[in-house]
Amino acid sequence: MTDGFARLWTAQTISSLGDGVTHAALPLLALTLTRDPMALAVVTAAGTLPWLLFGVLGGALVDRWDRRRTMWAADAARAVLLATPAAAAALDLLSIALLAVVAFLLGLGGLFFDTAATAYLPDLLGRDPALLERANSRLRGAQTAASGFAGPPAGSALLALGRAVPLLADAVSFALSALLVRSLPAAPRPVPQSRESLLRQARAGAAHVFRDRLLLGLALRPAVGNIAFLAVETVLALFAHDRLGISAFGFGLLLTAEATGGLLGAAIASLLGRRLGTGTALTCTAAVEGLAILGLATAPDPYVAGLALAVCGAAMGATMVLGPSLRQAIVPAHLMGRVASTSRMLAMCAAPFGAFLGGWLATTYDVRTPLYAAAGLLLAMTVVTATMTSNRRVEAALRAAAPAGGPDHPEFSAAT
């Protein structure tokens, strides 16, 4: 790996650690203000709304802008933004409405950063499929370890020191990440397409995803998954407290169990792809996610719940290495930002529905009901997308994307 990748990895690891702190602290902060599941759902859903409103247009802008500059500017803006809720918490002025606005703006910054980072990585590594898979494995592993393994317990502990402390810690992480990203090597700027309007370019990127069954299948996986996972996440703190008797610190440990599984899944993703083929591996991880959430719903105690979340995290970790790596290997460079943002938009637009579904089911029925519904959605999605992301389709897409006379990349496709 290059020195540039090492700096990108370090920047994202630091930022992910801060995200993990906020990920645990934010629902706990919201719980200090209300115990209404629908109010909690508003905060959860707000962070995903920027993708619904600006997802495809954001990708078109990233395909026009300098991707490195977009990344560091987004991180710097998020660092400044977090000063507002930190001050409100210190002055005892925090509210659900303020948390929802901050979550929305953080999500907007994440839209530009994540899309630019996805498009920048193939440029940084020369679009080599094997390097992309290893890089995504390391990035995902570090992100999981930082945001899930170390961050949540730290967030719970920092919250005990004061409501503003975890927010300030995340602000510092964004600032450090911005400085590191700014030092990255410049990538080739996208070729301007001055004859096309921004809206026309955005539509072209979205059409590329919807016309290609493999890309559409790769996009549907996280879209349906986000409905399920946000339904679970919306009520997880309440479920852990009321049904499992878990304290605030224990909730951080529960999230850590999921992250531990995610770390393992990211580490073995390449092995699964080689043994089963990328398409079959993606189908298997989808099935495991659904069964793991079903196990969480029926968990009689915190230990079984932690094991179920760890298994789910492992399946998610492997999926989030294999899927993006394959997409980066087969999508043309000039479309990368738009295809990435369209795929992410589908996933993120589905998330608010999942959040409100979870809140409604918990309010109308029982706090376990969103978990059962999520498991059913995940298992249904496994059946629907199995043929769309099959090994045969993966192999055909890699052959089509390979340079004339260039080598095939069996590590992405055929089982060995």
Side-chain angles (χ1 to χ4, degrees), residues 16 19-28 31 40 44 140-156 221-222 224-269 284-321 351 354-355 357-358 361-362 366-379 381-382:
S16 294
D19 287 343
V21 169
T22 302
H23 181 61
L26 202 60
L28 294 174
L31 275 176
L40 298 176
T44 303
R140 180 63 190 170
Q143 179 185 5
T144 301
S147 66
F149 189 78
S156 299
R221 274 291 305 274
V224 177
N226 267 5
I227 296 177
F229 294 133
L230 264 292
V232 173
E233 184 177 329
T234 295
V235 300
L236 186 57
L238 197 60
F239 172 77
H241 182 271
D242 290 357
R243 293 308 176 94
L244 300 176
I246 294 177
S247 66
F249 183 73
F251 179 66
L253 293 179
L254 192 66
L255 296 180
T256 299
E258 181 181 3
T260 303
L263 191 60
L264 175 63
I268 66 172
C284 290
T285 57
V288 170
E289 289 170 6
L291 294 173
I293 295 300
L294 184 61
L296 175 64
T298 58
D301 56 57
Y303 303 102
V304 175
L307 177 62
L309 281 174
V311 172
C312 184
M316 291 172 62
T319 299
M320 296 176 102
V321 170
L357 176 66
L361 288 174
D366 177 79
V367 75
R368 289 186 192 268
T369 305
L371 279 65
Y372 286 117
L377 280 173
L378 289 169
L379 292 173
M381 176 266 299
T382 303

Side chains of Leu307 and Val304: does their closest heavy-atom pair fall under 4.5 Å? no

Does the pair Leu371 and Val235 meet the rule for a side chain to side chain contact (heavy atoms under 4.5 Å, CB included), with working shown? CA-CA 9 Å; Leu371 279 65; Val235 300; 3.9 Å; yes

Is there a side-chain contact between Val367 and His241, using heavy atoms and a 4.5 Å cut-off? no

Minimal non-hydrogen separation, Pro370 against Ala362, with atom names: CG-N, 3.8 Å

Working for side chain to side chain contact (heavy atoms under 4.5 Å, CB included), residues Asp366 and Arg243: CA-CA 11 Å; Asp366 177 79; Arg243 293 308 176 94; 2.4 Å; yes

Heavy-atom closest pair (Ala374 atom, Ala228 atom, distance to 0.1 Å) is CB-O, 3.4 Å

Looking only at heavy atoms, the pair that brings Ala299 and Ala305 closest together is CB-N, 3.6 Å

Interatomic spacing from CG in Leu296 to CG in Leu244 - rounded to 0.5 Å: 7.5 Å

Exercise: identify the closest heavy-atom pair between Leu378 and Gly290: CB-CA, 3.6 Å

Checking side chain to side chain contact (heavy atoms under 4.5 Å, CB included) against Tyr372, which of Thr298, Leu377, Leu361 comes through? Thr298

Nearest 0.5 Å, please: how far is CZ in Phe239 from OG1 in Thr234? 14.0 Å

From Ile293 CD1 over to Phe229 CZ, what is the distance, rounded to the nearest 0.5 angstrom? 5.5 Å

Can you tell me if Met316 has over 12 outside heavy atoms packed within less than 6.0 Å of its CE? yes

So which atom in Ala237 and which in Phe251 form the shortest heavy-atom distance, rounded to 0.1 Å? CA-CE1, 3.6 Å

How far apart are the C-alpha atoms of Ile227 and Met381, what are their side-chain angles, what is the distance that settles it, and do they pass the side chain to side chain contact (heavy atoms under 4.5 Å, CB included) test? CA-CA 11 Å; Ile227 296 177; Met381 176 266 299; over 6 Å; no

When every non-hydrogen atom of Arg221 is compared with those of Ala286, the smallest separation belongs to CZ-CB, 3.4 Å

In sequence, state the C-alpha distance, the side-chain angles, and the governing distance for Leu291 and Leu379, and then conclude on side chain to side chain contact (heavy atoms under 4.5 Å, CB included). CA-CA 8 Å; Leu291 294 173; Leu379 292 173; 4.3 Å; yes

Roughly how far, to the nearest 0.5 Å, is CG of Leu254 from CG of Leu309? 5.0 Å

Separation between CD (Glu258) and CD (Glu233), nearest 0.5 Å, reads 8.5 Å

